[in-house]
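Being a predicted model, the structure only gives us computed values, none of them experimental.
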Amino acid sequence: MTSPHEARLEKLNRISSSGIDPWGHYFPGRIWNSDARSRSTEIKFQLENGTTLELPDVDAKKDDGSSQVDYRQWKTNQGPGQEIGPTVRVAGRVVLMRPTGKLIFVNLRDWTGDIQIFIGKGQVGEANFQLAGEFDLGDWIGVDGRLGRTNTGELTVFAENLHFMCKTLEPPPEKYAGLQDPELKQRQRYLDLAYNDGVMKTFLDRTKIVQSIRETLAKRGYCEVEGPTLHTVAGGAAARPFNTHHNTLDMPLVLRIALELHLKRLLVGGIERVYELGRVYRNEGISPRHNPEFTMLEAYEAFANYEVMMDLTEQIILDALKAIGKGYEVAWGDKTIDFTPPFARRSYDDLFKEHTGLAPTDITGIANLARKLGLDPNGKHPDVVKSEVFEEKVEDSLVGPIFVIDYPASICPLTKRKSSNPLIAERFELFIHGMELANAYTELNDPMLQEELFRTQLEGQADEDSMAKMDHDFVLALRNGMPPAGGLGIGIDRLVMLLTNARSIRDIILFPLLRNQTTN
RNA sequence: GAGGGUGUAGCUCAGUCGGUAGAGCAUCGGACUUUUAAUCCGUGGGUCCCGGGUUCGAGUCCCGGCACCCUCACCA
């Protein structure tokens, strides 16, 4: 008649009434399980005559997973003696328990991994052993003990003293299958992190990737800044924004959809190498590759151009791979990605011709193909139609990593034109397995042309409530002089997906947006 | 927004033709001082996602709703 919850409350009360704080305390000198593991070489076997022997390689496994060395047999063969090892203090969560009478084995987990704890009644004493009897799966405990090996060779902390750190009132997920329900994995990410293999590593890898990006940019002299997330005009991209409102100012605001326009203002101010790594918000559809809020890197470098930014992009990705200990070849689902540099660079028009068989200038042919693909070319600029066909016929088939370079100028309102051909914009996008990972260009710094392009863009999309409104303030900034520059945007979430073998963006965002789950 | 799938014990999942609601793990009680998803014996546990309907009878069939997943649409 005891529910798991009641049982835990009863144990909590018993711990309390024995004079122990069930919510733990300061625990100085505690080391991580990985550090305890690395001290395993200090474990020796001491014979009665005082000589100490190195242990055999008990961690070596046969193909079937069993130990190559029978440690119990080895000890017997050495004659009378005892194992000696360093004293360590560890702490973590109880994830498995195997009580065998007056002895309890505990698998203790911290964020560096698991280590086994041996709690023997004779070794820890009556009071500690009674406390151990109140342990539940999920509880946090601290252990002082000697590092050693069990008969099977398993590295183990032989407990000498136990410290209770935190009672867990909810039972953990099933111990072998783990938490499977994708909804619960997201809503209760802490359970996913704590109990499912590989989840912690994925999110720690995400952090390493982000750190690596900061280091790569710092090495090139870049300066990190924090722009405003509340904008009056949603600019720098074409996406529907989230609308909000400031009460005191009684002013409508939008959450930013891109970092671009404020970073360029900083170029005007003379911050010559500037980047922001931050959250942007787009009020659009949700899919395995789209979350309403996501993390973007944008970097701007004065006196550079899109080719410099292409090299930088490659450097950022290769450094990130290294940071998480991966080589050039990585698995992604049932596919592989070959990051061996240099990444391919192909022009937009070449790829278009190759995949459609049509000349990039064949406006009629392209329109016909568009209709065949179910697109409506009527009333659209030929380059927009071409772009839609490109997305349909080319992008999905780009295995990559491949830089697509030199886009039609008319679909790139923020990009400088090639001096040799004003119809081509100095822009690239990086594709991997059909996914757009980066977007960059030589920045347009002609304020008059910029204003004109904004205006053209607005005319073509007048009906859309969402599309960029004229950002006069940005044009004013440009009128004050922005040095020629290269600019780069990288979708961090997608990069992390590709580098950590995640099929869904929700596997690498800790708390993706979900609907309210309360009541029906 | 459209189509498809899923929702049953704390967790992972079965549930046949519409006929008393099942297993494993976890819990609880017992045995066990070198286990490894420990083992063995015993025990309790259900808003079958929510609301209607059909039926003598619904976890199962029908209608509506909710949440999640997938595909598509949207997405510089």
Side-chain angles (χ1 to χ4, degrees), chain A residues 1-8 10-11 65-67 71-72 75 95-107 114 116-124 129 136-138 148-156 158 168-188 191 195-196 235-240 257-258 260 282-292 294 374 383-384 387-388 390-391 395 407-408 410-415 425 427 429 436 439-441 457 461 464 466-468 489 491 503-504 506 512 514-520:
Chain A
M1 218 14 216
T2 317
S3 77
H5 297 94
E6 287 164 335
R8 281 163 188 262
E10 284 168 13
K11 287 177 188 168
S66 66
S67 184
Y71 183 51
R72 187 204 311 243
K75 280 192 291 187
V95 291
L96 283 175
M97 275 196 292
R98 293 176 293 283
T100 71
K102 298 184 180 63
L103 165 62
I104 305 171
F105 287 98
V106 169
N107 287 17
D114 292 4
Q116 177 168 270
I117 310 295
F118 177 108
I119 304 171
K121 190 174 187 178
Q123 289 80 2
V124 296
F129 197 75
D136 280 311
L137 296 181
R149 299 277 184 178
T150 59
N151 283 341
T152 55
E154 177 82 15
L155 184 66
T156 301
F158 290 85
T168 297
L169 299 179
E170 299 291 331
E174 207 271 342
K175 70 181 179 187
Y176 190 61
L179 192 64
Q180 292 300 318
D181 184 337
E183 185 175 353
L184 288 182
K185 280 163 65 74
Q186 294 171 54
R187 291 195 194 277
Q188 296 185 279
L191 295 179
Y195 296 104
N196 282 353
R240 269 185 260 273
I257 59 172
E260 177 151 355
R282 296 188 180 179
N283 203 342
E284 285 169 351
I286 294 174
S287 84
R289 278 163 298 282
H290 300 82
N291 194 59
F294 60 100
D383 281 343
V384 173
S387 166
E388 287 175 1
F390 187 90
E391 282 169 26
E395 286 187 2
Y407 279 67
S410 52
I411 59 169
C412 309
L414 295 159
T415 310
R427 170 185 179 186
E429 292 193 30
E436 181 196 332
N439 183 15
Y441 27 87
Q457 187 189 18
Q461 300 159 327
E464 277 295 338
S466 60
M467 293 302 155
R503 258 77 94 228
S504 169
R506 290 185 290 268
L514 293 172
R515 283 185 171 86
N516 278 330
Q517 57 153 12
T518 48
T519 60
N520 296 294

Practice task
Would you classify A:Pro288 as touching base, sugar-phosphate or nothing, given that sugar-phosphate means primed atoms plus P, OP1 and OP2, and contacts are heavy atoms under 4.0 Å?
Solution key: sugar-phosphate

Practice task
Check whether any side-chain nitrogen or oxygen of A:Lys11 sits under 4.0 Å from OP1 or OP2 of B:C28, and answer yes or no.
Solution key: yes

Practice task
Measure the shortest side-chain to side-chain distance between A:Pro173 and A:Gln180 over non-hydrogen atoms and say whether it is less than 4.5 angstrom.
Solution key: no

Handout entry: Side-chain N or O of A:Arg282 closer than 4.0 Å to phosphate OP1/OP2 of B:C75
Key = no

Practice task
Give none if B:G1 has no partner; otherwise give the nucleotide forming a Watson-Crick or G-U wobble pair with it, both distances under 3.5 Å.
Solution key: B:C72

Practice task
Say whether, by atom type as modelled, one donor and one acceptor occur between the side chain of A:Ser287 and the main chain of A:Arg289 under 3.5 angstrom.
Solution key: yes

Exercise for the section: Mind telling me whether A:Phe118 and A:Phe105 have parallel, tilted or perpendicular rings, with 30° and 60° as the class edges? Expected result: perpendicular

Exercise for the section: Quote, to the nearest angstrom, the P distance that separates B:U60 from B:G7. Expected result: 12 Å

Exercise for the section: For A:Gln180, answer base if it contacts any base atom (sugar-phosphate contacts may also be present), sugar-phosphate if it contacts only those atoms, and nothing otherwise; contact means non-hydrogen atoms under 4.0 Å. Expected result: sugar-phosphate

Practice task
Would you please confirm or rule out a distance under 4.0 Å between OP1 or OP2 of B:C68 and any side-chain N or O of A:Arg515?
Solution key: yes

Practice task
Compare all side-chain heavy atoms of A:Arg506 with those of A:Gln186 and state whether any distance is below 4.5 angstrom.
Solution key: yes

Exercise for the section: Write down the distance between CD1 (A:Ile257) and C1' (B:C74), rounded to a whole number of angstrom. Expected result: 15 Å

Completion exercise
Taking for A:Pro413 and for A:Thr156 the nucleotide of RNA chain B with the nearest heavy atom, the one nearer the 5' end belongs to A:Thr156

Practice task
Could you please name the partner base of B:U6, counting Watson-Crick and G-U wobble pairs only when both distances are under 3.5 Å?
Solution key: B:A67

Problem - Rounded distance (Å) that lies between atom P of B:U33 and atom CG of A:Asn151 - result: 15 Å

Practice task
In whole angstrom, give the distance that lies between atom CZ of A:Arg98 and atom C1' of B:A38.
Solution key: 7 Å

Exercise for the section: Could you tell me whether A:Leu514 contacts a base, only the sugar-phosphate backbone, or nothing, with contacts defined as non-hydrogen atoms closer than 4.0 Å? Expected result: sugar-phosphate

Problem - Side-chain N or O of A:Arg187 closer than 4.0 Å to phosphate OP1/OP2 of B:A67 - result: no

Exercise for the section: Can you see which heavy atom on A:Arg149 is nearest to which on A:Leu155, and at what distance? Expected result: NH1-N, 3.6 Å

Fill in the blank from the handout: Between CD of A:Glu154 and P of B:U35 the distance, given in whole Å, is 11 Å

Practice task
Look at the side-chain N and O atoms of A:Gln186 and state whether any lies under 4.0 Å from the OP1 or OP2 oxygen of B:C69.
Solution key: yes

Practice task
Quote, to the nearest angstrom, the P distance that separates B:A26 from B:U12.
Solution key: 15 Å

Problem - Nearest-Å distance for atom pair CZ/C1', residues A:Arg240 and B:C75 - result: 9 Å

Give each protein N/O atom lying under 3.5 Å from an N/O atom of nucleotides 24-26 of chain B, with the pair distance.
{"residue": "B:C25", "atom": "O3'", "partner": "A:Lys175", "partner atom": "NZ", "Å": "3.3"}
{"residue": "B:A26", "atom": "OP1", "partner": "A:Lys175", "partner atom": "NZ", "Å": "2.6"}

Fill in the blank from the handout: Taking B:A38, B:C74, B:C28 as options, the one with an atom nearest any side-chain atom of A:His290 is B:C74

Exercise for the section: Determine, step by step, whether A:Gln123 and A:Leu103 satisfy the side chain to side chain contact (heavy atoms under 4.5 Å, CB included) criterion, reporting the C-alpha distance in whole Å, the side-chain angles of both residues, the deciding distance to 0.1 Å, and the verdict. Expected result: CA-CA 9 Å; A:Gln123 289 80 2; A:Leu103 165 62; over 6 Å; no

Exercise for the section: Classify the side chain of A:Thr150 versus the base of B:U35 as yes if they form a donor-acceptor pair under 3.5 Å and no if they do not. Expected result: yes

Handout entry: Whole-angstrom distance between B:U34 and B:G22, as gauged at atom P
Key = 39 Å

Practice task
Just call it for A:Asn107: base, sugar-phosphate, or nothing, with non-hydrogen atoms closer than 4.0 Å on any strand.
Solution key: nothing

Handout entry: B:C70 OP1/OP2 closer than 4.0 Å to side-chain N/O of A:Arg506
Key = yes

Exercise for the section: Pick base, sugar-phosphate or nothing for A:Gln116, based on heavy-atom distances below 4.0 Å to the nucleic acid. Expected result: base

Problem - A:Leu184 side chain near A:Leu191 side chain, heavy-atom distance below 4.5 Å - result: no

Practice task
Would you confirm whether A:Arg282, through its side chain, and A:Ile257, through its main-chain N or O, come within 3.5 Å as a donor-acceptor pair?
Solution key: yes

Handout entry: Nearest listed nucleotide, side chain of A:Lys121, among B:U35, B:C69, B:U33
Key = B:U33

Exercise for the section: Rounded to whole angstrom, note down the P distance from B:A58 over to B:C75. Expected result: 49 Å

Completion exercise
5'-most contact on RNA chain B (nearest-nucleotide basis), A:Ser287 vs A:Gln123, goes to A:Gln123

Problem - Nearest to side-chain heavy atoms of A:Leu103, which nucleotide of B:U34, B:C70, B:A37 - result: B:U34

Exercise for the section: For B:U16, give its Watson-Crick or G-U wobble partner with both distances under 3.5 Å, or none. Expected result: none

Practice task
Would you indicate what A:Phe118 reaches in the nucleic acid, counting non-hydrogen atoms under 4.0 angstrom: base, sugar-phosphate, or nothing?
Solution key: base

Exercise for the section: May I ask you to say what A:Gly178 touches in the nucleic acid, namely base, sugar-phosphate or nothing, with a heavy-atom cut-off under 4.0 Å? Expected result: sugar-phosphate

Practice task
Between B:C13 and B:U71, how far apart are the C1' atoms? Round to whole Å, please.
Solution key: 26 Å

Fill in the blank from the handout: Whole-Å distance, A:Asp136 CG to B:G10 C1', equals 12 Å

Exercise for the section: Would you indicate what A:Leu179 reaches in the nucleic acid, counting non-hydrogen atoms under 4.0 angstrom: base, sugar-phosphate, or nothing? Expected result: sugar-phosphate

Practice task
Could you measure between the two P atoms, the one in B:U6 and the one in B:C62, and give it in whole Å?
Solution key: 12 Å

Exercise for the section: Write down the distance separating the P atoms in B:C63 and B:C70, rounded off to the nearest Å. Expected result: 26 Å

Exercise for the section: Answer yes or no for A:Arg427 and A:Tyr407: cation-pi contact, defined as NZ/CZ to six-membered ring centre under 6.0 Å and angle to ring axis within 45°. Expected result: yes

Problem - Rounded distance (Å) that lies between atom P of B:C32 and atom CD1 of A:Ile119 - result: 18 Å

Handout entry: Any A:Thr168 side-chain heavy atom under 4.5 Å of A:Asp136 side chain
Key = no

Problem - Inter-nucleotide P distance (B:U54, B:G59), Å rounded - result: 16 Å

Handout entry: Side-chain donor or acceptor of A:Asn107 paired with backbone N/O of A:Val95 under 3.5 Å
Key = no

Fill in the blank from the handout: Scanning all shown strands, the Watson-Crick or wobble mate of B:G44 with both distances under 3.5 Å is none

Exercise for the section: Name the nucleic acid region contacted by A:Arg503, choosing base, sugar-phosphate or nothing; use a 4.0 angstrom heavy-atom cut-off, strictly under. Expected result: nothing

Problem - Interatomic distance, A:Arg72 CZ vs B:U35 C1' [rounded to whole Å] - result: 11 Å

